[in-house]
2 protein chains.
Amino acid sequence: MTQTHTDRIDDLDQDLSVFLGYEMKRALSLIQADLARVLGELGLRAVSFSALTVIVQTPGLTQSALADALQIERSNLVTLIDELSERNLIVRAPVAGDRRRHALMPTAEGQRLARVAGAAVAAHEDRLFAGLTEEERRELQRLLAKFRRTA
Amino acid sequence: MTQTHTDRIDDLDQDLSVFLGYEMKRALSLIQADLARVLGELGLRAVSFSALTVIVQTPGLTQSALADALQIERSNLVTLIDELSERNLIVRAPVAGDRRRHALMPTAEGQRLARVAGAAVAAHEDRLFAGLTEEERRELQRLLAKFRRTA
DNA sequence: TATTGTTATACTCTATAACTATA
DNA sequence: TATAGTTATAGAGTATAACAATA
C-alpha cells in the first residue's frame, strides 16, 4: 500500500503512462536494447537482420522494393546492402532486361545466418516475454497487428 | 483468398511480423508520426511534452531526477530545459540548502499548455486507436505495462 | 571525493537533393 | 521523361568525457 522511496523515484513518469504511445516507447526501448545485444553477437544490427530476412524470404527483390518493405530510404539502404555484400551474405545480381535494377539474392552463408539469427531473435523474445502468458503474448501480437491495419 | 499485386508488395515484410518487436516498432512509428504533427501545432516535441508533463505533475524535481524519469542523459536535458524556460513554461528555481541543484517549476502558462497538450495527445490516441474496441485498447495498455514490469 | 548542471563532441539514424545510367 | 541505384550532406537524436561550482 505504501510506496518506498525508490518506488516513488521510478514512478515520476507515471502520468505519462496513461498514454499508450509512451508505454509502447518504453517497452520497445527494452526490446531493442536486448535485441541489439543478441544480434551484435552475430555481427548484425536490427536493420541488417531485417533486410537479410526479407531477402532470404523474397529472393530476387530489388533495392527499391526492399526499401519500401522496410520503410527506409533507398539512399540509406545502399551502405546496408554494401555491408551484407561484403560479408558475402547476399549478392547484387543483374536483372535480365533492366540493367538499372539489382536482384538481391542470399548466398548459402546468408541463408544460414538468417536461420541462426532468426532463432536467436525468437529466443530473445521468448526470454523477454516470459513474464506474459502465452495467451497474453499472442494477444499483444494480435492487437499490434490490428492497430497497424486500422490506424 | 487470392492476393492482389499490391497486397503482395505490402506484405514483403510479413516474415518479420512474427516478431513482436518488429510489429511494435512499426506501430510506434505510426503513433510517433501523428504525435509529432499534433504536438508540433503546439510548438512542442514529444520529449518536451513529456518533460513538461512530469514537471507539472512533480513540481520542484531536479534536472537529474527528470533525466532519470524520462531516461535521457542529463547533458541532453540542458537544451530541452533551456527551450521550455525561454518559452516561460517552466523556471529553474534555486533549492534551499543545495546551490548545485535547480528545482524545476512550471509557470501558470506551462500548466495551461500541459493541460491543452495532454488533451490533444489523448485525442490523438483516441483517433489512432479507433480501430480497436475500448476493451482491446485497455488490454493493449495493460499488456505493455505488464511487459515493462516483468521484462 | 562525489554530485549537479553544463559544454563540447562524436556517433548513429534519418531525410533530401542531385547525379549516372538506364529505360 | 521517368526510374533504380548511388553519392553527398544536413539534421535529429543520443552517448561520453570533461569541466566548474558546490556538497
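In the text below, chain A, chain B and the rest are named by the order of the sequence lines, each starting its count at 1.
- Look at CG on A/Leu70: it is 15 Å from C1' on C/dC13, rounded to the nearest Å.
- Candidate nucleotides C/dG5, D/dT6, C/dT14 were compared by shortest atom distance to the side chain of A/Val78, and D/dT6 ranks first.
- Summarising the geometry, the separation between CG on A/Leu44 and P on C/dT12 is reported as 16 Å, rounded to the nearest angstrom.
- Comparing A/Glu73 and B/Ser75 by the nucleotide of DNA chain C that holds the closest heavy atom to each, the one mapping nearer the 5' end is B/Ser75.
- Across the protein-nucleic acid pair, A/Arg45 atom CZ and C/dT14 atom C1' stand 12 Å apart, rounded to whole Å.
- The NE2-P distance, from B/His102 to C/dT3, rounds to 18 Å in whole Å.
- Taking atom CD of B/Gln63 as the reference point, atom P of C/dT3 lies 17 Å away to the nearest angstrom.
- Each of A/Gly97 and A/Gln71 has a nearest nucleotide on DNA chain C; the 5'-most of these lies closest to A/Gln71.
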What side-chain donor-acceptor pairs closer than 3.5 Å can you find for residues 93-103 of chain A, not counting sequence neighbours?
unit_1   : atom_1 : unit_2   : atom_2 : d
A/Asp98  : OD1    : A/Arg100 : N      : 3.0
A/Asp98  : OD1    : A/Arg100 : NE     : 3.2
A/Asp98  : OD2    : A/Arg100 : NH2    : 3.1
A/Asp98  : OD2    : A/Arg101 : NE     : 3.2
A/His102 : ND1    : A/Gln63  : OE1    : 3.4

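- In this structure, A/Leu77 places its CG atom 14 Å from P of C/dC13, rounding to the nearest Å.
- The two residues B/Arg74 and B/Ser64 come nearest to each other via the heavy atoms CD-OG, 3.0 Å.
- Shortest non-hydrogen contact noted between A/Leu12 and B/Ala69 is CB-CB, 3.6 Å.
- Using a 4.5 Å heavy-atom cutoff, the side chains of B/Val38 and B/Arg127 are in contact.
- The 5' end of DNA chain D is approached more closely, in terms of each residue's nearest nucleotide, by A/Arg74 than by the other of A/Arg74 and B/Ile72.
- With C/dG5, D/dG5, C/dT22 as the choices, the nucleotide that has an atom nearest any side-chain atom of A/Arg100 turns out to be C/dT22.
- The base of D/dA4 lies outside donor-acceptor range of the side chain of A/Asp98, with no N or O pair under 3.5 Å.
- Comparing A/Asp82 and A/Lys25 by the nucleotide of DNA chain D that holds the closest heavy atom to each, the one mapping nearer the 5' end is A/Asp82.
- If you measure from atom CG of A/Asn76 to atom C1' of D/dG5, you get 13 Å, rounded to the nearest angstrom.
- The CD1 atom of A/Ile81 sits 8 Å away from the P atom of D/dT6 (whole-angstrom rounding).
- Across all their heavy atoms, B/Val56 and B/Gln111 have their closest contact at CG2-CA, 4.1 Å.
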